[in-house]
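This report refers to the structure that appears directly beneath it.
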Amino acid sequence: RELATILAAEGPCGFAYDPAALEAFIDSRVGAENTGFLATLSVPLGAAKLRMEQMSGSEKVVYCRQAGRNAQAFGFLAE
């Protein structure tokens, strides 16, 4: 769920994520045999995207701030 929150913020918050960093994150945390990962990710990702569309300006500021901090901590932000 937390990954979905960070991924959903990319476009609306104006972030650009490094594909190699995302791949490394997945490789280190999700087993190659985990066939349910994408289904597990898609539901909260869709919900987070919809939630972002409905946020007020202040809510979006707070959401983007924390999502950006999370993305930076995980090394997702592109240079």
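Along the sequence shown, the residues carry numbers beginning at 1.
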*Determine whether Ile26 and Phe15 fall in the same hydrophobic cluster, where Ile, Leu, Val, Met, Phe, Trp and Tyr are linked whenever their side-chain heavy atoms lie under 4.5 Å apart.*
yes

*Check the pair Ser56, Glu59 against side chain to side chain donor-acceptor pair (under 3.5 Å), reporting the backbone distance first and the verdict last.*
CA-CA 5 Å; Ser56 69; Glu59 289 171 318; 3.2 Å; yes

_Using every non-hydrogen atom in the two residues, find where Cys64 and Met52 come nearest and quote the distance to one decimal._
SG-CE, 4.1 Å

*With a 4.5 Å limit on heavy-atom distance, are the side chains of Leu3 and Phe25 in contact?*
yes

*Ignoring hydrogens and geometry, is there a side-chain-to-backbone donor-acceptor pair from Glu10 to Tyr17 under 3.5 Å?*
yes

*Please report the closest heavy-atom contact between Ala4 and Pro44, naming both atoms and the distance.*
CB-C, 3.7 Å

_Counting C-beta onward and ignoring hydrogens, is there a side-chain heavy-atom pair between Phe76 and Asp18 closer than 4.5 Å?_
no

*Side chain to side chain, Leu45 and Lys49, heavy atoms closer than 4.5 Å*: yes

*Are any of the side-chain heavy atoms of Arg51 and Tyr63 separated by less than 4.5 Å?*
yes

*Taking all non-hydrogen atoms of both residues, which atom of Ala71 and which atom of Ile6 are closest, and how far apart?*
CB-CG2, 3.9 Å

*Any chance the side chains of Gln72 and Arg69 put a donor and an acceptor closer than 3.5 Å?*
no

*Honestly curious: do Leu7 and Leu50 fall in one hydrophobic cluster under the side-chain, below-4.5 Å linking rule?*
no

*Pro12 versus Ala8, closest heavy-atom pair with distance*: CD-O, 3.3 Å

